[in-house]
Each structure stands twice: as C-alpha cells, then as structure tokens.
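Everything on this sheet refers to the single structure shown next.
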Amino acid sequence: MDDDEVKMKEKDSLDSEENDEDEADSDTDKDSDASEPSPLLTRYNPWKEVAIRAESDRRSIENELIKLQKEIQQLYQELKKLKSPPLIIGEIVDILDDNRVVVKSTTGPNFVVHVANFVDKSKITVGTRVSLNRDSLSVIGILTTSKDPIITEAEVIEKPTIRYKDIGGLEPQIEEIKEVVELPLIKPELFRKVGIDPPTGVLLIGPPGTGKTLLAQAVAHETNATYIRLVGSELVQKYIGEGGRLVRELFALAKEKAPSIIFIDELDAIAARRIDSGTSADREVQRTLMQLLAELDGFDPLKNVRIIGASNRPDVLDPALMRPGRFDRIIDIPLPSHEGRLEILYIHTHNMNLKKDVNLEEIASQTEGMSGAELKAICTEAGMFAIREGHHYVSDHNFQQAIDKIKRGDSITQMKEVGAMFA
Ligand code: ATP
C-alpha cells in the first residue's frame with residue numbers, strides 16, 4: 001500500500017467515526033427532547049405563560065369596564081328620573097275643538113290646557129287619566145292603568161267557598177237575601193214577566209261580627225258570581241275627586257267581572273248624614289257619596305251586578321241612601337239567639353275533636369250577647385288551651401277557660417271605651 005492509500009483509509013475511518021458520533025448525538029438529542037425541554041424552550045415558556053395571563057387579565061378588566069359603564073349609565077338614568085319634576089295626575093273632563101282639553105287635576109279646580117304634540121290624541125276621551133306638566137299643566141302623557149291600586153287590591157274572590165250552611169242562626173235573613181239578590185241574578189225573566197224591578201241595593205245592618213260578610217260571600221257562591229269587597233273607609237281619599245273616581249272604577253270592575261256582587265263594608269264611612277260642614281275633607285267625603293248615589297241611580301237592577309252594603313251604624317246613615325232605587329231593602333242582622341248561638345257553635349266545632357263532657361247547649365246559654373265572631377273565637381281558644389295542655393281533644397274545661405278569656409277581653413275593651421268617654 002502506498003502512502004496515498006493509507007491516508008485515504010485513515011480519512012474514511014475518521015469520517016465513519018464522526019458519523020457514528022453524530023448519530024449518537026442525535027440519539028441523545030431525541031432522548032433529551034422527550035425528557036426535558038431544550039434550553040431555548042425553557043427560556044421561552046415562562047414568558048408565554050406571562051403573556052397568556054396578561055391577556056386573560058386584560059379581557060376580564062375589559063369586561064369589568066363594560067359592566068361598570070353600564071352601571072354608570074343606569075345610575076345616570078336613575079339620577080335623571082330623580083331630578084325630573086313630578087307630574088300631576090288629571091282626568092279629561094271635556095275635549096275642545098282647538099286642540100285643547102278641560103282637565104280636572106287632583107290639585108283642585110278644572111283647567112283648559114294644551115295637549116302635547118307627541119301625545120296620541122285619538123286615545124284621549126272624556127274620563128281618560130292623563131299626566132300633566134307641573135308648570136303649564138299641559139297633557140304630556142296618557143295613563144293606561146285605569147284602575148287605581150285600591151280598586152285592583154279590593155278583595156276580589158272569583159269563587160267564594162262560603163255556603164249558606166256555613167252560616168248559623170240567620171235563616172230568615174238568608175231567605176230574604178235569596179229573594180232580593182239571588183233571584184234577580186239567576187232568574188231575571190221572572191221579574192220581567194211580573195213587570196217589577198227588584199231592589200237595587202241591599203243594606204245589611206247589625207253589630208260587628210254577626211255574619212254580614214259571610215252572607216255576601218255565600219250569596220256570591222250560590223250564584224257563581226265574583227265577590228268584590230271594598231271597605232268604605234278606603235274610598236275616603238286625600239285628594240279632591242279621587243274618592244268619586246274610585247267608586248266609578250269599582251262599578252266598572254264589577255261590570256267587567258260580571259256576574260258579580262259588590263260588597264261595601266263600613267258604608268257609614270262615606271254615607272254618613274250630610275251636615276253643613278265647612279271642612280274640605282267633609283265635602284270630599286260627600287262628593288264620594290254623591291258619586292255612589294249617581295252610580296246606584298244609573299244602575300239596571302236586572303243586569304248581572306248586585307250591590308250589598310253593610311254598616312254597624314244605621315243611625316248615622318244619610319237617608320238619601322235608602323231612597324227607592326238605591327239601598328231600598330234593609331236586612332237586619334241581629335246578635336244570635338240561643339238557637340242561633342247553638343247552630344254557630346255546631347258549625348265551628350264541626351271539625352274539632354271534642355271530649356264527651358262538652359255540652360254545646362250549656363255553652364250557648366253561657367254566651368248570651370256574643371256575636372258569631374266571638375263564638376268562633378271561643379272555639380279556637382278552647383282548641384289552643386287543649387294544645388297547651390298537650391291533649392289531642394278539647395274538653396269542657398278548655399271551653400270554660402276560653403269563655404273566661406273572651407269575656408275578660410270584652411270587659412277590657414268596654415273599660416277602655418268607658419275610659420275614653422271620661423278622658
Ligand atoms: P263586621 O261588621 O265587623 O265586618 P261582619 O258582620 O261582617 O262583621 P263576619 O266578617 O261575617 O262579620 O264574621 C266574622 C267571622 O265570625 C266569620 O268569619 C265567621 O267565622 C264568624 N261568624 C259570624 N257570624 C256567624 C254566623 N252567623 N255563623 C257562622 N259563623 C259566623
């Protein structure tokens with residue numbers, strides 16, 4: 001072998017060694033790639049993480065910003081509402097030709113005012129409730145909610161559950177109410193054939209707690225009518241004309257829900273005898289009464305709305321209310337007699353677990369002068385005493401405790417009344 005050949009072989013073997021080393025290197029590279037990141041990557045990753053976190057922070061801050069901007073907007077709007085002057089409520093009394101109307105505002109007299117251009121004039125009729133600008137009193141809005149909250153919150157029971165059999169000791173009164181309220185509602189043709197008008201309104205007169213409300217509910221149940229109850233004192237309003245409007249709306253509601261029975265409790269609150277009183281509050285109460293009389297006068301007694309009034313003070317009622325065509329049938333609801341009390345006790349102890357020693361006859365004798373409401377209270381109290389003693393039944397002893405308690409309560413209220421008289 002010459003020198004050149006030897007050099008070539010040496011170069012070849014060196015090359016192959018280098019290749020082997022390279023291959024070994026690349027193997028170790030692969031191994032290290034799987035186990036730990038390359039130094040370049042380990043330097044890069046923390047920054048990537050920081051960038052991702054910063055990006056998500058940015059997004060959440062942006063969201064927070066949008067939320068706060070919305071909140072600011074809402075608060076601005078709220079502030080604007082709070083700063084805007086109050087509007088006056090009025091009612092259209094007349095519509096004039098020259099784009100003006102006569103309004104009756106709750107503040108007092110009637111005014112001739114303009115209607116703002118943006119108000120839909122086709123919706124304005126006599127009786128529409130509108131909002132008025134405080135300075136110029138021009139009409140700037142129509143109030144669509146025609147019914148006052150008092151009227152919408154009047155006790156309206158579509159299907160009362162009280163029946164005649166739940167009322168004790170009032171048989172003659174039930175018969176009378178059937179005749180004057182029930183019959184015109186279910187058989188109006190009978191009256192037409194005979195050619196008479198049934199009484200327009202029925203007035204129930206009697207001490208508190210004797211079952212006047214029960215009677216009204218029972219007659220509504222038997223005639224499948226809606227029962228609408230409003231207490232007279234709720235019709236006494238602070239602002240002029242408001243009470244009258246409530247009466248109108250009460251009758252409108254009754255027509256809407258017909259067949260219906262309007263029950264006005266504590267009628268004396270608005271129908272007290274008219275006196276020449278100078279105070280504007282008294283005049284407003286009288287205006288409300290006038291509106292009630294007007295509604296009664298325009299009432300068709302054969303339509304499917306019946307009206308029942310109730311009062312504990314017949315002595316103060318305005319005689320105008322009792323004229324024919326108004327509350328022209330008066331039904332007296334007295335305190336229950338011995339038999340009446342017994343019936344009421346039977347009704348209210350019907351579901352009670354009574355011990356054999358309970359003698360309802362005896363209890364009826366002991367409770368002379370008490371109303372149905374007080375008898376019911378005695379039954380409830382007797383049950384409470386039994387529970388307090390840990391019994392599942394009510395004994396005569398419990399009834400005696402209850403009678404004592406109710407009588408004591410009664411004498412306390414009497415003492416208070418006497419005290420008030422001498423104060
Ligand atoms: P107020 O004049 O105070 O409104 P009211 O005469 O309308 O009283 P109700 O509300 O009808 O009296 O009666 C109150 C409660 O007393 C009734 O819920 C009922 O439980 C009981 N009650 C009164 N009278 C009778 C009765 N005759 N039969 C059965 N329960 C009665």
Side-chain angles (χ1 to χ4, degrees), residues 154-157 159-178 181 201-222 227-236 261-272 306-317 321 327 329-352 360-361 363-364 367-384 399 402-403 405-407 409-410 413-414 417:
E155 190 185 348
V156 178
I157 309 177
K159 287 216 175 304
T161 49
I162 302 291
R163 304 166 70 172
Y164 290 136
K165 69 173 179 58
D166 300 322
I167 306 174
L170 293 178
E171 281 75 29
Q173 288 82 358
I174 290 176
E175 281 313 311
E176 205 169 345
I177 213 157
K178 272 185 183 172
V181 182
V202 176
L203 188 57
L204 307 180
I205 283 177
T210 42
K212 298 182 289 293
T213 312
L214 279 190
L215 260 180
Q217 285 194 6
V219 78
H221 171 91
E222 302 295 332
Y227 166 84
I228 302 171
R229 172 178 180 259
L230 199 75
V231 179
S233 51
E234 280 169 7
L235 291 172
V236 179
I261 285 175
I262 303 177
F263 179 60
I264 307 181
D265 211 351
E266 294 176 24
L267 195 59
D268 39 282
I270 49 161
R306 307 294 299 150
I307 170 155
I308 302 177
S311 173
N312 308 324
R313 297 288 314 271
D315 51 317
V316 299
L317 287 181
L321 204 68
F327 285 98
R329 181 64 74 96
I330 297 174
I331 301 181
D332 208 13
I333 315 283
L335 282 173
S337 62
H338 179 86
E339 285 71 34
R341 289 197 296 279
L342 191 57
E343 273 182 39
I344 296 172
L345 285 170
Y346 274 126
I347 290 168
H348 292 297
T349 53
H350 179 67
N351 289 324
M352 285 170 73
L360 293 181
E361 276 274 358
I363 295 170
T367 50
E368 194 174 343
M370 285 196 182
S371 66
E374 283 168 315
L375 292 171
K376 186 191 177 185
I378 286 177
C379 298
T380 312
E381 282 300 330
M384 293 304 294
F399 270 98
I403 294 171
K405 186 173 174 187
I406 299 294
K407 278 189 177 165
D410 203 36
T413 42
Q414 273 172 16
E417 275 169 21

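Numbering of ligands and ligand atoms starts at 1, following listing order. Just so it is clear, the model here is predicted, and its values are computed rather than measured. The first residue of the sequence shown is numbered 1, and numbering continues consecutively from there.
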Protein contact of [atom] - nearest heavy atom, named by residue and atom, plus distance:
atom	value
atom 20 (O) of ligand 1	Lys376 CD, 3.0 Å
atom 22 (N) of ligand 1	Gly372 C, 3.6 Å
atom 31 (C) of ligand 1	Leu214 CD1, 3.4 Å
atom 10 (O) of ligand 1	Thr213 OG1, 3.4 Å

Study note, to complete from the structure: With sequence neighbours left out, the residues meeting salt bridge (Lys or Arg N to Asp or Glu O under 4.0 Å) with Glu381 are Lys405
Exercise for review: Could you tell me whether Glu222 and Lys178 have a side-chain N and a carboxylate O separated by less than 4.0 Å?
Suggested key: no
Review point. Got a sec: does the CD of Glu368 have more than 12 other heavy atoms crowding it under 6.0 Å?
Key: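 No, because the 6.0 Å sphere around CD of Glu368 holds 12 heavy atoms or fewer from other groups.
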**Study point:** Winner among Ala216, Pro207, Ala373, Pro336 once heavy atoms are compared against atom 15 (C) of ligand 1
**Key:**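 Nearest heavy atom to atom 15 (C) of ligand 1 lies in Ala373.
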Check your understanding: Hey, is His348 one of the residues with a heavy atom under 4.0 angstrom from ligand 1?
Key ->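 It does, in that a heavy atom of His348 comes within the 4.0 Å cut-off of ligand 1.
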Review point. Does Gly209 have a heavy atom less than 4.0 Å from any atom of ligand 1?
Key: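 A heavy atom of Gly209 does come that close to ligand 1.
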Practice item. Would you check whether Leu170 has a nitrogen or oxygen atom less than 3.5 angstrom from a nitrogen or oxygen atom of ligand 1? Key: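 It does not: no N or O of Leu170 is found under 3.5 Å from an N or O of ligand 1.
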With a cut-off of 4.0 Å, which atoms of ligand 1 are near a heavy atom of [X]?
X	answer
Lys212	2 (O), 5 (P), 6 (O), 7 (O), 11 (O), 12 (O)
Asp265	4 (O)
Ile167	27 (N), 28 (N)
Gly168	26 (C), 27 (N), 28 (N), 29 (C)
Pro208	2 (O), 3 (O), 8 (O)
Asp166	28 (N), 29 (C)

Polar side-chain atom of [X] near backbone of [Y] as donor-acceptor pair, under 3.5 Å:
X	Y	answer
Arg341	Pro336	yes
Lys376	His348	no
Thr367	Ile363	yes

Check your understanding: Who pairs with Glu361 by side chain to side chain donor-acceptor pair (under 3.5 Å), at least two apart in sequence or on another chain?
Key -> His338
Check your understanding: Out of curiosity, Met352 CE to Thr380 OG1, how far, rounded to the nearest 0.5 Å?
Key ->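 Interatomic distance, Met352 CE to Thr380 OG1, rounded to 0.5 Å: 7.5 Å.
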Point to revise | Residue of the set Ile331, Leu204, Ile167 for which side-chain contact (heavy atoms from CB on, under 4.5 Å) holds with Gln173 | key: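 One option only clears the test, and that one is Ile331.
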